[in-house]
Structures are given as structure tokens and as C-alpha cells.
Amino acid sequence: MRRFLRDNSLGLVFGLLFLIVLAGQAFAGHADYNQRLLTEGLEPVSLGRYVTSASFGVDVAENWQSEFLQFFLFIFLTVWLVQKGSPESKSLDKVGRETAEEQKIGEYADEDSPRWARTGGLRTTLFSNSLGLVMGAIFVLSWLAQSIAGVAAYNEEQLADRQDPVSWAQYLREPDFWNRTLQNWQSELLAVASMTILAIYLRQRGSSQSKPVGSPHTATGVES
Amino acid sequence: MSIRSAAMLVASALLVLTGCGSVDERADAAASVATGLLTAVQAQDGADACAAMAPDTIAELEESAGKPCAEAVLDEDLPAPGAVTGSDVYGQWAQVRLTEDTVFLAAFPGGWRVVAAGCTPRAQRPYNCLLQGG
């Protein structure tokens, strides 16, 4: 058990932190939502009612979609784009999808390679792109969820302001939708750009995300 | 308050409180309260009309008119209750569109209550309402 926890500590700790912070967001969002209701002369709602509301849904989904977009872009773009000196980049001479031998697929698969890496055909093509595709799919679904929850939350505000609600298609053209979307995208893109560039010159001893402390600034695609 | 109005408000309260009514059921409940208010005004039943109104709306009306809600609401020239042409519910708010009026409602522990009635649209601006709270 102890060994299992140690061997999976990265995923477990981030998963646990996610749940704790999501719960924190629910409590803070609930308090904020009820403050607004009180100023509008309405009664506060229960926590259960809030976490099933469009308001909570859009706040969660707008952040999720941008995170998965970030991963999707990073995974796909790092196939062709490189950054000299960055541990986030692969070697400068490996631009592109690389050869079957380098990727250990088909006849070059190892004994312990996943079966779908060995079989060839559609399965290997799918498996070869599965990480990016799943990230991309979660991004699209989260963005869709943002738009659906977003139009409901937006319309709640519209009605509170004595204005007409809008349809989903109209909402996609509203500044509220794009403001929520783009404010998240810009922060994710800044984070990726910062990590890619700062990791050229800065080190974090022992971190998988950093080059070894003594590695030269010019060393590319080197991680601890 | 008439038995019909009381039943309507109780049904509306149950749907709002339990939160288990479907959107259609909640929209229907909001439409019932909206038409109930206009019907009561048409019938010169101020008490019944005020029972369908939100606390802030009652307070605003009494303050601006300088008399009790049951009297003041009858002076507001609210339109007759036409047919319901549409009803939307989003969270704690609802809009009911009638042939002669647009009514805004909010969810309270006692059910839907009218926060604004006698509303006419204005381009790119909030509705202008004869009756509305704060």
C-alpha cells in the first residue's frame, strides 16, 4: 500500500488537490452567488442548489476547457515546433512525427510495447495520436459545456436586469462568451510560453520538469 | 386570497423549493403566478395581486404610491391578462410573455413572485416596467 502511494504520488496528490480546491470553489462561489441574490432582494439558495446551477457550471467549465486546450496544443505543436535549450522541447533534429523505429511502432515495437503500438493500421494510428485526441476531445466537450452553462447563467443575469434572454446561437456571439473564453486562453498560453522559455535558463533541482542543474542553457530536450 | 390563488402559490412553492420541477413545470408555475396577478388586478382584488408580488416590489410600490399595496397596485394601469405566448426560466429568475404584457418573476421560498409587471421592451436597454421592485 505504502509503495503504491509512493509510486503514484504525483497523480494522487494532484487528484486530491483538485477535489479540495473544487470544493473550495463551490463554497466560495456559493457565498458569492448568495451575496448577489441578497442584493437583488432574493432569498439565498442551498449549496446543493448552487453546485447544480449554471453559474457554478460555467465557472468550472470555462477553466477546464482552457486547461485541456493548453495540453492539446502543447502535445500537438511540440511534434513540429521546438525551443532551443528548453526541456519542454524535444531535440532540434527530431522535428516532425519521427520514424517508426524512433517511435517503436509496428515491427520496431519492443516486447513490452503496448499491443496497439505493434498491430499497425488504424489501431496504431489511433494509439499514436491518442493523447492529443483525448485532450482535444475533452477540450471541445468542456467548451461546449461552458457555452451551454454559460447561456443559462447569462440569461439569469439578463432576467435579473429585466432584459430578454438569448438563444445558445446568439450567446456564441455575445461578448460574455468570448470574454470568459479568451481570458482563460491567454493565461494558459502565457503559462506554456513562460515554462518553455524560463526552463532554458532556470533550474529546479530534482524536478522532472527541469534540466539537471549543471546542464548547459543550450541543452535541448533534456530532463532530469 | 382565493382558494385557487392559494393552490397556485402552494404548487409554485413546492416546485421552487424542491428544485425537482422540470424547466417546463417551473415555467408553467411562473406563468400561473404572472397571469394570477394580472387576473387579480382585473378583478380589482388588490390583496390577491399583492400576494403574488415579491417583497421588494411591494415595498417599492407602497413607498412610491404612499398607500398600501392592495390599493396601490390597482392604480398601476396594468394590462389585462392576455394569453401566455412564452415563458423562460433561468436559475432563480423567470420571464413570462403575454399578448399584452411581459412579467419578470423571481423564486422565493413561497414560490414564484412577480418582481416586475407591465413591462415594455426598449432596444438595448432593460424593459420599462409600470410595476417593479428596487
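Every value quoted in this text rests on a predicted model; they were computed, and no experiment measured them. Values below: all heavy atoms of this structure, side chains included; hydrogens, waters and symmetry mates excluded.
- For Tyr127(B), the parts lying near chain A are the backbone and the side chain together; criterion is any non-hydrogen pair under 4.5 Å.
- In this structure, chain B has no heavy atom under 4.5 Å from any part of Ala54(A).
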Quick one: do Glu157(A) and Trp93(B) satisfy side chain to side chain donor-acceptor pair (under 3.5 Å)? Show the steps, please. CA-CA 9 Å; Glu157(A) 289 175 21; Trp93(B) 293 91; over 6 Å; no

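- If you measure heavy-atom distances from Tyr50(A) to chain B, you find no contacts under 4.5 Å at all.
- Glu40(A) touches chain B through backbone and side chain together, each having a heavy atom under 4.5 Å away.
- Minimum interatomic distance between His30(A) and Leu47(A) (heavy atoms only, all atoms of both residues): NE2-N, 3.3 Å.
- Between the side chains of Gln95(B) and Asp164(A), at least one donor-acceptor pair of N or O atoms lies under 3.5 Å.
- For the set Ala153(A), Pro165(A), Ser46(A), the entry with the most heavy-atom pairs within less than 4.5 Å of chain B is Pro165(A).
- There is no side-chain donor-acceptor pair under 3.5 Å between Glu88(A) and Thr78(A).
- Contact of Ala59(B) with chain A is not made at all, since no heavy-atom distance falls under 4.5 Å.
- With a threshold of 4.5 angstrom between heavy atoms, Asn155(A) approaches chain B through its backbone and through its side chain.
- Formation of a donor-acceptor pair under 3.5 Å by the Glu67(A) side chain with backbone atoms of Trp64(A) is not found in this model.
- In this structure the side chain of Gln42(B) never reaches within 4.5 angstrom of the side chain of Leu38(B), judged on heavy atoms.
- In this structure, the portion of Arg125(B) lying under 4.5 Å from any heavy atom of chain A is its backbone and not its side chain.
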